[in-house]
Amino acid sequence: MPNPFYDRDIVSIRDFAKDDLEFVFDTTDSISRLKHSQRGELGKGRTLGYIFYEPSTRTRMSFEAAMASLGGSSIGISDLKSSSVEKGESLADTIRVIDLYSDVILLRHPLDGSSRFAAELSQNPIINAGSGSEEHPTQALLDLYTILKEKGKIDGLSVAIVGDLKYGRTVYSLLYGLANYKVEVHLVSPPTLRIRKESLYEIQDKLKIKEHSKLDEVLPETDVIYVTRIQRERFPDVQEYEKVKGTYTIDENTLAKSKSDIAVMHPLPRVDEISQSIDHTKNAIYFKQASYGKELRAALLALMLNENLSR
Ligand code: CP
């Protein structure tokens, strides 16, 4: 199978078929097994350029660490105040300039459609590091990879997605990714934070989806619980946020009502939706998930930069 990621934009996980997803998962396995010296050839002399219009810890740092592990380097802007965006430079001009200095561009921006827009302007491939409430495709790739590694399969699982389903962009990318598999999905949220129905049209026939507001009713059957933060920054009215914050907290009581091997995932950062008291349990795999992020992103960069890379 030819490398489907070579020189290609990663704007939406919807742009990739199941074979493509499995290609990146297999490559992640093989890259993780490579000797340091071999791995260090895959990005040698290449540059990742990034700009983050919104804060990030994991996405930016895991991409930087991934690029370094391939022998490449990273340059970028994470503090807009120290960039010419502060002087009024447009997104279009900013992308055109980063494109001059980089081989791959990583963009996080608060507007839906921002990465697609950037991809139309840029000669080099764009990676969407989070666009508004729309998508976060590399998060979904690492989420699916985590499920595969930790549960040994994706088909046949029951996945509960909990929290802010209206504004949480990781939720949409994950659902589009899960639509390639035979899974049962339970969407658990306060009524005001239900999934945006228009975003589900193309996948509603592929996934078995049920909506809930009570977490307890799904726990006994759930294999993977994917918890999300209530996205305070995306609420038009802070009073609406105050009404729903803290609706769900995953703690020892939650685990007691669940299957003994339930996997608790979270894209992080968490606020109060997962109690630190369960961090030590075998069920809590959210930091492992963040760790898989570096390996998966290294594989993705290697594939984007090396046409002849095979799994
Ligand atoms: N999961 C995630 O996107 O984390 P950051 O916002 O820290 O990048």
Side-chain angles (χ1 to χ4, degrees), residues 10-13 24 28 48-69 74-80 104-112 114-115 118 126-150 159 161-178 193 224-235 241 245 248 250 263-274 276 279 284-301:
I10 314 291
V11 168
S12 167
I13 198 156
V24 77
T28 307
L48 170 72
Y50 63 77
I51 180 156
F52 281 73
Y53 286 80
E54 292 182 333
S56 169
T57 297
R58 277 146 294 274
T59 309
R60 183 172 65 81
M61 293 187 71
S62 63
F63 265 109
E64 281 199 70
M67 195 63 181
S69 77
S74 302
I75 52 171
I77 299 163
S78 54
D79 173 16
L80 294 179
V104 183
I105 301 172
L106 181 64
L107 169 67
R108 173 171 289 185
H109 194 278
L111 290 181
D112 292 7
S114 48
S115 279
I126 291 280
I127 302 174
N128 180 357
S131 49
S133 303
E134 176 193 42
E135 273 223 50
H136 192 349
T138 67
Q139 179 69 47
L141 288 172
L142 79 88
D143 293 341
L144 293 171
Y145 183 71
T146 302
I147 296 173
L148 198 55
K149 298 307 281 183
E150 296 299 312
V159 180
I161 307 180
V162 179
D164 184 349
L165 309 186
K166 184 175 184 182
Y167 297 117
R169 57 192 168 206
T170 65
V171 170
Y172 292 86
S173 291
L174 180 59
L175 283 170
Y176 300 140
L178 285 173
L193 294 181
V224 175
I225 181 166
Y226 186 92
V227 187
T228 63
R229 177 177 65 89
I230 310 270
Q231 307 267 307
R232 180 171 52 85
E233 67 277 21
R234 303 204 192 279
F235 278 66
Y241 167 73
K245 75 171 186 190
Y248 307 106
I250 309 302
V264 182
M265 296 176 63
H266 193 308
L268 303 178
R270 71 173 153 185
V271 182
D272 53 9
E273 59 278 2
I274 298 181
Q276 289 182 21
D279 287 357
I285 61 165
Y286 24 92
F287 290 110
K288 217 180 228 185
Q289 184 183 351
S291 150
Y292 285 133
K294 178 192 157 193
E295 291 303 286
L296 183 126
R297 285 167 172 147
L300 191 59
L301 287 169

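In each ligand, atom 1 is the first atom listed, and ligand 1 is the first ligand listed.
- Note: R58 CZ to T138 OG1 = 12.5 Å, rounded to the nearest 0.5 Å.
- Note on E54 versus R234: salt bridge recorded, some NZ/NE/NH1/NH2 to OD/OE distance being below 4.0 Å.
- In the vicinity of L268, heavy-atom distances shorter than 4.0 Å reach the ligand 1 atoms 1 (N), 2 (C), 4 (O).
- One side chain, H136 or R108, offers a donor N or O that lies under 3.5 Å from an acceptor on the other.
- Nearest to atom 4 (O) of ligand 1 among the protein's heavy atoms is R58 NE, 3.1 Å.
- Under a 3.5 Å cut-off, the side chain of D164 and the backbone N or O of I230 do not form any donor-acceptor pair.
- Each of the following atoms of ligand 1 lies closer than 4.0 Å to a heavy atom of T57: 5 (P), 7 (O), 8 (O).
- Between G130, P55, S56, it is S56 that holds the heavy atom closest to atom 8 (O) of ligand 1.
- One finds the OH atom of Y50 at 9.0 Å from the CD1 atom of I77 (value rounded to the nearest 0.5 Å).
- Distances from ligand 1 to the non-hydrogen atoms of E54 include no value under 4.0 Å.
- Here the protein heavy atom with the shortest distance to atom 6 (O) of ligand 1 is R108 NH1, 2.9 Å.
- Atoms of ligand 1 found under 4.0 Å from any heavy atom of T59 (numbered from 1 in listed order, with element): 2 (C), 3 (O), 4 (O), 5 (P), 8 (O).
- Of all heavy-atom pairs spanning P267 and V227, the tightest one is CD-O, 3.3 Å.
- In terms of polar-atom proximity, Q139 is counted as a contact of ligand 1, with an N or O under 3.5 Å from an N or O of the ligand.
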